[in-house]
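Remarks on the structure that follows.
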Amino acid sequence: MATKTTHENIKTKSKKLVFPLILLICILVLVIAFIVTALLVGNSKYKNKFNPNTFINDINVSGQTLEEASSFFETVNIPTYFTITKHDGENVEIPVEQLGFKSDTAKKIKDIFTKNNKEKWYKSIWDENHYTFKSDVTYDPEKVVSVMKNTDFGKEKNKNAEIVFDNNKYIIKDAVQGDQLKIDILTKYVKEQLDKGVFQINAVDSGCYIEPKIKADDLKATLDKYNKMCNVKIVYDFNYTTETLTGEQLMNMLKISKNNKITADRDKVAAYVEKLAEKYDTYNTERKFKATLQGNITIPTSSDAKYGWWIYQDETCDQLIDLIEKGKNAKVEPIYYNDGNYVFTGRKEARSENDDIGNTYIEIDLSNQTLWYYENGKKLWECGIVSGQTTSAVRTTLPGVYKLWDKQTNFRMKASNADGERWDTTCAYWNNVSICGIGLHDSQWRGNYVGGEIYKYNGSHGCINMTLESARFIYNNVPYDTPVVMYY
C-alpha cells in the first residue's frame with residue numbers, strides 16, 4: 001500500500017509542475033512575440049526617422065523625418081541685399097545672390113540624421129541623444145571682389161575747404177567729402193563683416209574714403225591774413241578820378257602758399273591793369289574837337305602825333321604786385337610808357353572823363369594855315385603859319401594831337417628825310433611837339449611871309465614855320481605838356 005501511495009504522489013506532483021511550466025513558456029512566447037513585433041514595428045517606424053529622445057539644439061526631433069526635422073531649423077537669415085551706407089547717407093544695395101552665398105544648415109542636420117539613424121532606435125528609449133550645431137554661411141570671395149569693383153559708389157569729387165567772401169568778410173567754407181574711395185579697403189571691410197554675418201555696413205567705418213586735401217583747420221591762419229588784407233586799399237590816381245582796389249576784388253588777386261605766405265597772382269594782376277588801360281588810355285585815339293573855323297570835327301590819329309595817356313602795363317603790373325605784397329594802404333599813379341625824356345601822358349589839368357585836351361591848347365588849322373593859342377578858353381594868340389609841303393608825303397605835316405614836349409633857344413635843326421633832302425639851320429625859338437623832330441619854330445628866312453597857300457609849293461619839311469614874334473610868344477607863354485591840335 002505504501003509503494004502505491006508514493007507513486008501516486010509523485011504522479012500528482014508532476015501534474016502540478018507541468019501547468020506552470022506551460023504557462024511560463026506561453027508567457028515567454030508572448031513576450032518574445034511582443035518584443036519581435038515591437039522591434040519590427042520600431043524598425044519600420046524609425047527606419048527613415050530620427051530615433052526617440054533625439055534633440056538637436058534642444059529641439060525634440062524624435063520620430064521626425066529629415067525633411068520634417070529640417071523645417072524646425074531656419075537657415076541663417078540672409079537678406080536679399082547687402083547694404084552699404086555711403087558717407088552722405090545714401091544706400092548702395094548689392095543683391096546677395098551676386099556674392100555667391102550659401103548656408104550649411106541642411107548639410108549639418110543631414111550629418112546628424114545619418115549618425116543618429118545608425119544607432120538602434122530602442123537604445124534611445126531610455127537615453128536622450130543631444131546634438132548641437134551652428135550654421136555657417138559662406139560666400140565666394142572672388143565674386144565679392146568682382147562685384148565691388150563694378151559697383152557704382154558715386155562720382156562726386158572732393159571739394160577742399162576754401163576761403164570765401166561773404167557779408168563783407170572772409171569765412172571758411174568747409175570741405176566736402178566726395179565719393180572718391182579706395183575700393184580695396186572697402187572690399188576687405190565687406191569681407192570681414194560678411195564673415196561675421198553682418199549684411200549692412202557704413203562705408204565710413206572702413207576708412208576707405210579719400211579725404212579732401214585741405215580742411216577748415218588748415219585755413220584758420222590764412223583766414224586771419226585774408227581779413228587783414230581785405231581792409232587794405234590801393235588807390236590809383238587818374239587826376240580827375242580814382243580807382244580803388246580793396247575787398248574781394250583785391251583778394252581775388254592773391255595766392256596763398258603752403259606756409260600761408262600771401263603773394264600776388266601775376267595773371268590776375270595783369271588782367272586788372274589791362275582793364276585800367278582799356279578804361280583810361282587815350283593815347284593814339286581819335287578825338288572830338290570844336291575847331292575855330294570848321295566847327296565840330298574829329299581829329300584823326302597819325303604816326304607823328306603822340307599825345308594822351310598810355311599805361312605801361314608791364315611796369316604797372318610790377319608796381320601793383322609790390323603794393324599788394326607789402327599789404328599796406330597806398331595811393332599812386334599808374335606807370336606810363338616813356339621813350340627817354342618823353343612820357344606818354346597828356347596834360348594833367350586837361351584830363352576829364354570825356355576829354356583830355358581841355359580848354360588850354362594850341363590849335364593849328366592846316367587847311368587855313370592858321371594857329372591859335374587858347375588859355376582857359378580865352379584866345380591869347382593868332383598867327384599865320386607854313387606847314388609841311390604837300391607835294392611830298394615825307395614833308396607833309398600829319399594831322400593829330402601833339403604835345404609841347406620841349407623848348408630850346410638857338411636850336412640847330414640838322415636832319416634829312418627819305419627824299420634825300422638835307423638841311424642844317426638854326427632857329428631862335430624851338431618848341432618841340434613830337435618825338436620825330438617836328439617843332440613850332442621861327443623861320444626868319446621867310447620874313448613875315450606866312451599863311452595862305454605857301455605850304456603847297458614852298459612848305460616846310462614837316463615843322464610849323466612861323467614868324468620870330470609868334471615863335472617867341474609860344475616859347476615864353478605856352479606851358480609844357482600843352483596839347484597841340486592839328487587838322488586839315
Side-chain angles (χ1 to χ4, degrees), residues 282-302 304-309 342-352 355-388 396-409 411 413 427-443 446 450-451 454-455 459-488:
T282 62
Y283 176 79
N284 199 34
T285 58
E286 294 183 343
R287 293 170 175 85
K288 301 296 182 180
F289 183 74
K290 187 173 183 180
T292 300
L293 299 179
Q294 298 186 36
N296 294 324
I297 61 173
T298 298
I299 308 300
T301 62
S302 70
D304 292 342
K306 307 291 185 183
Y307 179 82
W309 305 86
Y342 303 101
V343 180
F344 293 103
T345 63
R347 182 169 177 263
K348 289 185 177 181
E349 295 80 4
R351 196 173 191 184
S352 65
D355 181 39
D356 64 349
I357 294 175
N359 56 9
T360 296
Y361 53 86
I362 293 173
E363 176 187 351
I364 299 176
D365 186 334
L366 296 170
S367 295
N368 292 292
Q369 293 289 286
T370 303
L371 176 150
W372 298 271
Y373 171 60
Y374 290 91
E375 185 176 273
N376 296 323
K378 182 179 180 180
K379 183 174 71 174
L380 298 185
W381 195 260
E382 179 179 350
C383 66
I385 56 98
V386 177
S387 62
T396 300
T397 301
L398 300 179
V401 181
Y402 296 74
K403 183 171 82 168
L404 184 55
W405 296 95
D406 185 32
K407 302 178 191 180
Q408 293 186 48
T409 58
F411 180 74
M413 299 179 290
C427 64
Y429 299 99
W430 170 256
N431 302 288
N432 182 26
V433 297
S434 80
I435 62 175
C436 60
I438 298 174
L440 280 56
H441 63 85
D442 57 283
S443 52
R446 292 185 184 277
V450 292
I454 296 174
Y455 75 103
S460 71
H461 291 93
C463 289
I464 303 299
N465 293 172
M466 54 182 56
T467 64
L468 178 64
E469 181 185 18
S470 293
R472 182 190 298 118
F473 175 85
I474 292 173
Y475 181 87
N476 290 330
N477 296 281
V478 179
Y480 288 103
D481 297 334
T482 296
V484 180
V485 183
M486 301 190 198
Y487 57 87
Y488 284 94

Qualifying residues under side-chain hydrogen bond (donor to acceptor under 3.5 Å, both in side chains), relative to T467, sequence neighbours excluded: S470
Within residues 368-383 or reaching into it, pairs that qualify as salt bridge (Lys or Arg N to Asp or Glu O under 4.0 Å) - sequence neighbours excluded: K379-E382
Closest approach of V401 to Y307 (non-hydrogen atoms, all atoms of both residues): O-CB, 3.0 Å
Side chains of Q369 and I454 in contact at under 4.5 Å (non-hydrogen atoms): no
Considering all heavy atoms, the nearest P399-P300 contact: CG-CG, 3.8 Å
Euclidean distance, K288 NZ relative to I297 CD1, rounded to 0.5 Å: 10.0 Å
Parallel, tilted or perpendicular: rings of Y361 and F289 (30°, 60°): perpendicular
S460 side chain to C463 backbone, donor-acceptor under 3.5 Å: yes
Non-neighbouring partners of Y373 that pass ring-ring contact (aromatic ring centres under 6.0 Å, His included), sequence neighbours left out: none
Residues forming a side-chain hydrogen bond (donor to acceptor under 3.5 Å, both in side chains) with Y283, sequence neighbours excluded: K306
Non-neighbouring partners of T282 that pass side-chain contact (heavy atoms from CB on, under 4.5 Å), sequence neighbours left out: T285, R287, W309, D356
Full working for side chain to side chain contact (heavy atoms under 4.5 Å, CB included) between I464 and L366: CA-CA 10 Å; I464 303 299; L366 296 170; 4.2 Å; yes
Selection residues 460-479 - residue pairs positive for salt bridge (Lys or Arg N to Asp or Glu O under 4.0 Å), sequence neighbours left out: none
Salt bridge (charged side-chain N to carboxylate O under 4.0 Å, His left out) partners of R347, counting only residues at least two apart: E349
Side chain to side chain contact (heavy atoms under 4.5 Å, CB included) assessment of I435 paired with F344: CA-CA 11 Å; I435 62 175; F344 293 103; 4.1 Å; yes
Evaluation steps, side-chain hydrogen bond (donor to acceptor under 3.5 Å, both in side chains), between H441 and N465: CA-CA 6 Å; H441 63 85; N465 293 172; 3.3 Å; yes
Side chain to side chain contact (heavy atoms under 4.5 Å, CB included) evaluation trace for L371 with I362: CA-CA 7 Å; L371 176 150; I362 293 173; 3.7 Å; yes
Residue pair G377 / Y374: nearest heavy atoms and the distance that separates them: O-CD2, 3.9 Å
Pairs involving residues 399-408, ordered by first then second residue, that meet side-chain hydrogen bond (donor to acceptor under 3.5 Å, both in side chains) (sequence neighbours left out): D406-Q408
Listed partners of Y429 passing ring-ring contact (aromatic ring centres under 6.0 Å, His included), at least two apart: Y475
Spacing of T301 atom OG1 and I299 atom CD1 [to the nearest 0.5 Å]: 11.0 Å
Extract all donor-acceptor atom pairs below 3.5 Å that involve side chains of residues 478-488 and protein atoms in other chains or at least two apart in sequence.
from	atom 1	to	atom 2	distance (Å)
T482	OG1	P479	O	2.7
Y487	OH	E363	OE2	2.4
Y488	OH	T397	O	2.6

Contact summary for I385 and T370, nearest pair of heavy atoms: CG1-N, 3.9 Å
Contacts of type side-chain contact (heavy atoms from CB on, under 4.5 Å), residue N477, not counting sequence neighbours: F473
A428 backbone acceptor or donor facing D442 side chain under 3.5 Å: yes
Test side chain to side chain contact (heavy atoms under 4.5 Å, CB included) applied to V386 and V450, step by step: CA-CA 6 Å; V386 177; V450 292; 4.1 Å; yes
Point-to-point distance, once rounded to the nearest 0.5 Å, from CD1 of I474 to SG of C383: 6.0 Å
Spatial distance of atom CG (D304) from atom SG (C436) [nearest 0.5 Å]: 3.5 Å
Residues forming a side-chain hydrogen bond (donor to acceptor under 3.5 Å, both in side chains) with D365, sequence neighbours excluded: Q294, N368
Rounded distance [0.5 Å steps], CG in N376 versus OG1 in T360: 4.0 Å
